[in-house]
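Because the structure is a prediction, the values reported are computed rather than measured.
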Amino acid sequence: SLRSALAKEDITRLYQHQAEGLSRFRNGENVVIATPTASGKSLIYNLALVELLSKEKNGHGLYLFPLKALAQDQYQAFVSFNQELPSELQLEAAVYDGDTPPSRRRRIKENLPHLIISNPDMLHASILPYHPKWCRFFSELRYVVLDEVHTYRGVLGAHVSCMLRRLLRICEHYGSRPVFLC
């Protein structure tokens, strides 16, 4: 099913870094992929998410982007990718950031999508402190993407590092151990 969806996008083969990244992810390894812009990194994490959640329907993924505009762009790219998939593989996704209206935030928490797209600040300020309200999400979190990882350095990098440790502690508290793809 995935191959035929990719063929619709004129993708007949994966690049070496895509195939290797997916292989390592399938083995449960945390993966960092460092390639130039527009080299197909997004395809790696979208394919990994679809593969994983096709086996675990109750699982969830979290994509973190440093900028809200980038998150919106990647959300649109995911929606386009998702629409090419057969209906049994299609996933629900939602953006949960500072621009998301409160009523929409409530609906997202009540009806968790397979994928939440956000940013580190929103995770730090509006999700992690309220983890009991997100317990189902954390208990079923299987996969975290941290995009543009090279931007997290200095004070910001230290902050994100602490926030990710906190995320892992909360996941462990709820019995999950997500795999990271950066």
Side-chain angles (χ1 to χ4, degrees), residues 1-26 31-33 35-120 122-123 126-127 134 136-149 176 178-182:
S1 296
L2 283 175
R3 285 179 199 250
S4 62
L6 290 172
K8 289 178 187 175
E9 297 291 317
D10 292 327
I11 300 171
T12 56
R13 295 182 50 179
L14 297 178
Y15 292 114
Q16 182 178 347
H17 69 279
Q18 293 171 320
E20 186 176 340
L22 275 170
S23 176
R24 289 177 178 269
F25 175 79
R26 287 177 187 132
V31 180
V32 176
I33 298 166
T35 59
T37 302
S39 62
K41 292 182 292 292
S42 300
L43 181 62
I44 300 168
Y45 51 76
N46 288 335
L47 284 173
L49 181 73
V50 170
E51 277 188 13
L52 178 69
L53 297 186
S54 69
K55 297 172 190 151
E56 295 185 38
K57 289 297 183 191
N58 293 331
H60 295 285
L62 174 65
Y63 288 6
L64 298 173
F65 297 96
L67 303 169
K68 289 188 286 185
L70 183 55
Q72 287 292 336
D73 289 347
Q74 290 297 327
Y75 171 74
Q76 294 304 323
F78 180 81
V79 168
S80 295
F81 170 75
N82 196 42
Q83 289 172 342
E84 295 299 325
L85 298 173
S87 59
E88 70 272 7
L89 292 179
Q90 289 185 358
L91 303 175
E92 298 172 33
V95 175
Y96 193 94
D97 64 18
D99 293 339
T100 307
S103 62
R104 175 81 176 120
R105 288 184 199 178
R106 272 191 305 281
R107 285 194 307 275
I108 290 170
K109 281 188 276 191
E110 291 167 4
N111 301 305
L112 285 172
H114 298 103
L115 171 62
I116 292 183
I117 299 173
S118 192
N119 57 62
M122 194 67 173
L123 182 65
S126 295
I127 297 176
W134 290 87
R136 192 173 123 233
F137 176 74
F138 288 118
S139 69
E140 298 172 346
L141 186 61
R142 301 290 178 259
Y143 180 48
V144 177
V145 167
L146 184 63
D147 198 35
E148 302 293 331
V149 72
S176 73
V179 176
F180 282 73
L181 203 154
C182 306

Using salt bridge (Lys or Arg N to Asp or Glu O under 4.0 Å) as the criterion, list what pairs up with Glu9, not counting sequence neighbours.
-> none

Working to the nearest 0.5 Å, report the span between OG1 of Thr35 and CD1 of Ile44.
-> 6.5 Å

side-chain hydrogen bond (donor to acceptor under 3.5 Å, both in side chains) partners for Asn82, two or more places apart | none

Can you tell me which residue pairs pass the side-chain hydrogen bond (donor to acceptor under 3.5 Å, both in side chains) test with a partner in residues 14-24, sequence neighbours excluded?
-> Glu20-Arg24, Arg24-Glu29

Could you pull out all residues at least two apart from Arg107 that satisfy salt bridge (Lys or Arg N to Asp or Glu O under 4.0 Å)?
-> none

Closest heavy-atom contact between Ala48 and Tyr143?
-> CB-OH, 3.5 Å

Which atom of Leu85 lies closest to which atom of Ala5, heavy atoms considered = CD2-CB, 3.7 Å

How would you list, by chain and number, every residue that makes a salt bridge (Lys or Arg N to Asp or Glu O under 4.0 Å) with Arg26, sequence neighbours excluded?
-> Glu51

Work out which heavy atom in Ser176 is nearest to a heavy atom in Ser139; give both atom names and the distance.
-> CB-O, 3.5 Å

Partner residues of Val179 under the side-chain contact (heavy atoms from CB on, under 4.5 Å) criterion, sequence neighbours left out = Phe25, Asn30

For the residue pair Pro66 and Pro120, what are the closest heavy atoms and their distance?
-> CA-CD, 4.5 Å

Check: Pro36 main-chain N/O paired with Lys41 side-chain donor or acceptor under 3.5 Å | yes

What distance do Leu70 atom CG and Glu148 atom CD have between them, rounded to the nearest 0.5 Å?
-> 5.5 Å

Supply the atom-to-atom distance Asn46 CG to Leu115 CG, rounded to the nearest 0.5 angstrom.
-> 8.0 Å

Could you go step by step and tell me if Leu62 and Phe180 meet the side-chain contact (heavy atoms from CB on, under 4.5 Å) rule?
-> CA-CA 10 Å; Leu62 174 65; Phe180 282 73; over 6 Å; no

Test side-chain hydrogen bond (donor to acceptor under 3.5 Å, both in side chains) applied to Glu56 - qualifying residues, sequence neighbours left out = Arg142

Taking only residues at least two apart or on different chains, which pairs with a member in residues 40-64 satisfy ring-ring contact (aromatic ring centres under 6.0 Å, His included)?
-> Tyr45-Tyr63, His60-Phe137

How close do Gly21 and Ile33 get, heavy atom to heavy atom, and via which atoms?
-> CA-CD1, 4.2 Å

How far does CG of Asn119 sit from CG of Leu146, to the nearest 0.5 angstrom?
-> 11.0 Å

Would you mind reporting whether Asp97 and Tyr75 have side-chain heavy atoms less than 4.5 Å apart?
-> no

Those residues that, when tested against Asp99, pass salt bridge (Lys or Arg N to Asp or Glu O under 4.0 Å) (two or more places apart) = Lys68

Heavy-atom donor-acceptor pair, Ser118 side chain to Tyr96 backbone, under 3.5 Å | yes

Output for pair (Lys8 NZ, Gln83 CD), nearest 0.5 Å, gives 11.0 Å

Rounded to the nearest 0.5 Å, what separation is found between the CD1 atom of Ile11 and the CZ atom of Arg3?
-> 13.0 Å

Just jot down the side-chain contact (heavy atoms from CB on, under 4.5 Å) partners of Leu53, sequence neighbours excluded, or say none.
-> Leu49, Leu91, His114

Residues passing the side-chain contact (heavy atoms from CB on, under 4.5 Å) test with Pro102, sequence neighbours excluded, are Arg106

Got a sec, which pairs hit salt bridge (Lys or Arg N to Asp or Glu O under 4.0 Å) with one end in residues 80-94, sequence neighbours left out?
-> none

Closest heavy-atom pair, Gly98 versus Met122, reported as atoms and distance to 0.1 Å, is N-SD, 3.8 Å

Side chains of Phe78 and Val95 in contact at under 4.5 Å (non-hydrogen atoms) = no

